[in-house]
Amino acid sequence: MISMQSTNLATEVRKLLPGGDCTGRGGCGFATCDACAQAIAAGGPVNLCPACDEEAVAAIAQLTGGELLPPRQEMAFIKCSGSAAGKSRLKVFASCDEAVKSGFAPGECTYGCVGAGSCAAACTFDALHVLNGVATVDKEKCNGCGACANACVQKLIHMVPEDASNFVPCSNQDEEEVALRMCGYSCIGCGDCAEACPEEAITVVDNRAVIDYEKCVGCAACTVACRKKIIVDTYHDLTKLKPTTAFVRCRGGWHNHEVYAAAGATNCREASKLDLDGHCSYGCAGFGDCAQACRFDAISLVQGTAKVDPDKCVGCTACVHVCPQELPVIVPYKGAKLVPCASKDDPETRKKLCWVSCIGCGDCAANCPDGLIHLEDGRAVIQPERCEDCNICSYVCPNNVITGRTLPEYTYVQIRALAAQTGGAVR
C-alpha cells in the first residue's frame with residue numbers, strides 16, 4: 001500500500017520531470033512519467049529519467065534526499081544517412097512497421113530508415129521530424145528520453161552521449177560491393193577509422209564501423225581517416241584537420257567550354273570524345289560533372305573551368321572518379337606548389353593553344369633544390385608530398401604557371417597534433 005507521504009513526494013517529483021510523457025517508450029523503463037516519479041520517490045536513482053538535465057536532477061536529489069548523480073545527458077542519433085531505403089515508395093505507410101513488412105525492392109537498403117515516421121510520432125518533445133522521407137533529430141529539442149529509439153523497428157536510433165562528436169550514419173551490414181551500389185553514404189567496413197583511432201574505440205561489426213563512446217575522446221582521427229568521409233563530426237571543423245584536398249590540373253585557357261558547347265556536347269564525357277581542332281583536348285570541358293558529384297559543394301565552375309574550394313573539399317575523390325580527362329588529383333592540404341596543366345601536346349603546340357599552360361622549359365626542374373620536379377609529356381610535374389614550398393620554382397617559371405596555397409598556421413599545428421596523437425607522420 002502506497003503511503004500518502006510517498007504519493008505527495010511522487011507528485012512533487014513529477015513536477016520536476018520534463019513534462020512530455022514518453023508513453024512507455026522512454027529510457028526509464030516505466031509506462032508513464034507518473035510511474036517514473038513514483039519509482040524515484042520510492043528510492044530510485046534521482047537521474048532515472050534520461051530526459052532530465054543537470055538542474056532537474058539536482059532539484060530531485062534535494063527534494064528526495066537521494067544521492068546526487070550526474071544526469072544521463074544523452075541524445076538521439078540516427079545511424080542512417082537516409083539515402084537508399086526506398087523512402088519515396090515506403091513513406092506512404094502509416095507506420096515503419098507496416099513499411100518494413102511490405103518488403104524491400106531490389107536496390108533498396110534493407111537496414112536503412114524507411115521514412116514512415118514512427119519515431120517522430122513517438123517523440124512528445126517535437127525533436128524528431130521526417131523531411132522528404134528522411135528522419136532527422138533536432139538537437140536543440142532532443143532531451144534523450146529514448147522514446148524514438150524504442151519506436152524504431154529498424155533499430156537505427158541510438159542514444160549517445162550529448163557531447164559525442166563522431167558518428168557513423170550507417171547500419172548496413174552488406175558487403176562493400178553491395179553497399180556501394182545502394183548508397184553513396186554507406187560505411188564500407190574498410191576499418192581505416194578503427195586503425196587510426198588512438199583509443200581503440202572503433203571496431204568493425206557486420207561490415208560497418210561501430211564507436212564505443214565510453215572510450216571515444218572526440219579526437220576526430222576517425223573523421224580524417226574515413227575514406228568515404230561519412231563519419232560526422234559535430235565538434236571539430238573537418239577542414240582544419242583533413243590531410244588532403246582536390247586540385248584541378250587546368251586553368252581553362254582559351255575557354256574550352258565554349259568550344260565544346262558549340263560542338264553540341266552536353267556533359268564532360270561527351271566533350272572528351274570530340275576531336276576538335278584549335279583548342280586543348282586535355283583541358284577542362286566545363287560542364288561540371290565533377291561539381292555535380294561533389295556532395296560538399298567544394299567545386300564550382302568559374303568562366304567554364306572547374307575550381308576547387310580547398311576549405312570545403314574533404315578529399316573524398318568523387319571528382320577524381322567522374323572526370324573523363326582525369327584532371328582533378330588529390331594533393332596534400334598542408335600547402336605545396338602545383339602545376340595546373342595536364343596537356344600532352346608538344347610544348348610548341350601548347351603555346352599556341354593556351355596562354356596559361358606549362359611550356360615545358362624545364363627551368364623549375366633545373367632549379368628545384370630538392371629535385372622534386374621532373375618533366376612528363378613535356379610539362380612540369382611536382383611531387384607535392386615532399387615539396388617544402390620554397391617558392392624557387394614559382395620565381396623562375398617564365399609563364400607564371402606554378403601555383404601554391406598557403407596553409408593557415410593554426411591548421412598546420414592541428415594537423416601535426418593529430419599526427420602525433422595517432423603515432424603517425426605529417427603528410
Side-chain angles (χ1 to χ4, degrees), residues 22-27 29 50-51 74-139 141-161 164 166-189 193 202-213 226 228 230-232 234:
C22 305
T23 62
R25 296 192 183 93
E74 294 179 326
M75 58 181 250
F77 173 69
I78 302 173
K79 299 188 71 172
C80 177
S81 66
S83 300
K87 275 165 286 301
S88 59
R89 183 178 63 82
L90 298 173
K91 65 182 180 181
V92 299
F93 286 90
S95 71
C96 295
D97 186 54
E98 291 181 15
V100 171
K101 288 180 178 178
S102 72
F104 291 88
E108 295 177 350
C109 177
T110 60
Y111 301 95
C113 172
V114 295
S118 292
C119 55
C123 180
T124 55
F125 300 98
D126 192 37
L128 267 101
H129 301 91
V130 178
L131 305 173
N132 298 321
V134 180
T136 57
V137 178
D138 184 334
K139 297 177 183 176
K141 294 182 178 179
C142 178
N143 55 22
C145 75
C148 56
N150 290 319
C152 179
V153 67
Q154 292 285 72
K155 303 303 178 184
L156 298 174
I157 305 179
H158 292 244
M159 306 312 296
V160 299
N166 304 317
F167 310 98
V168 181
C170 181
S171 293
N172 190 285
Q173 297 179 23
D174 291 315
E175 297 288 341
E176 176 180 346
E177 186 176 339
V178 177
L180 283 173
R181 288 200 300 266
M182 289 183 179
C183 177
Y185 289 82
S186 65
C187 173
I188 57 176
C193 54
I202 306 179
T203 54
V204 176
V205 180
D206 295 326
N207 298 313
R208 71 184 189 281
V210 177
I211 299 176
D212 182 345
Y213 290 103
C226 177
K228 288 293 298 294
I230 62 164
I231 297 182
V232 183
T234 58

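Keep in mind it's a predicted model, so treat the numbers as computed, not measured.
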query = Are any non-hydrogen side-chain atoms of Lys228 and Ser186 less than 4.5 angstrom apart?
reply = yes

Do Ile230 and Ser81 make a side-chain contact, defined as non-hydrogen atoms from C-beta onward lying under 4.5 Å apart?
no

Nearest heavy-atom contact between Lys79 and Val168 is CE-O, 3.9 Å

Phe167 and Tyr213, any side-chain heavy atoms less than 4.5 Å apart: yes

For this session: Evaluate the side-chain proximity of Leu128 to Ile78: yes if any heavy-atom separation is below 4.5 Å, no if none is.
Result: yes

Here the gap from Cys148 atom SG to Met159 atom CE, rounded to the nearest 0.5 Å, amounts to 5.5 Å

Residues pairing under salt bridge (Lys or Arg N to Asp or Glu O under 4.0 Å) where one sits in residues 109-118, two or more places apart or in two chains, turn out to be none

Do Ser95 and Ser118 have side chains that approach each other closer than 4.5 Å (heavy atoms only, starting at C-beta)?
yes

Min side-chain heavy-atom separation Asp138-Asp126 under 4.5 Å: no

Notebook entry, point to check: Is the shortest heavy-atom distance from the side chain of Met182 to the side chain of Thr110 under 4.5 Å?
Noted result: no

Rounding to 0.5 Å, atoms SG (Cys170) and CD1 (Ile231) come to a distance of 11.0 Å

Cys142 and Met75 have their tightest heavy-atom pair at SG-CA, 3.8 Å

When you compare the side chain of Cys187 with that of Asn172, does any pair of heavy atoms fall below 4.5 Å? no

Distance col, row Phe93:CZ vs Ser102:OG, nearest 0.5 angstrom, shows 3.5 Å

Worksheet item: Is the side chain of Asn207 donor-acceptor paired with the backbone N or O of Gln173 at a distance under 3.5 Å, no angle test?
Response: yes

Contacts satisfying salt bridge (Lys or Arg N to Asp or Glu O under 4.0 Å) that involve residues 94-104 (not counting sequence neighbours) are Asp97-Lys101

Interatomic distance, CD1@Ile188 vs CG@Asp174, rounded to 0.5 Å, equals 13.5 Å

Note to self: Checking Asp212 against Thr203 for the side-chain contact (heavy atoms from CB on, under 4.5 Å) test, could you report, in this order, the C-alpha distance in whole Å, the side-chain angles of both residues, the deciding distance, and whether it holds?
What the structure shows: CA-CA 8 Å; Asp212 182 345; Thr203 54; over 6 Å; no

Rounding to 0.5 Å, atoms OH (Tyr111) and CG (Asp206) come to a distance of 7.5 Å

Minimal heavy-atom distance between Lys155 and Asn150, with the atoms involved, is NZ-O, 4.4 Å

Taken to the nearest 0.5 Å, the spacing of Leu156 CG from Cys113 SG works out to 6.5 Å

Residues Cys96 and Ala116: closest non-hydrogen pair is N-CB, 3.6 Å

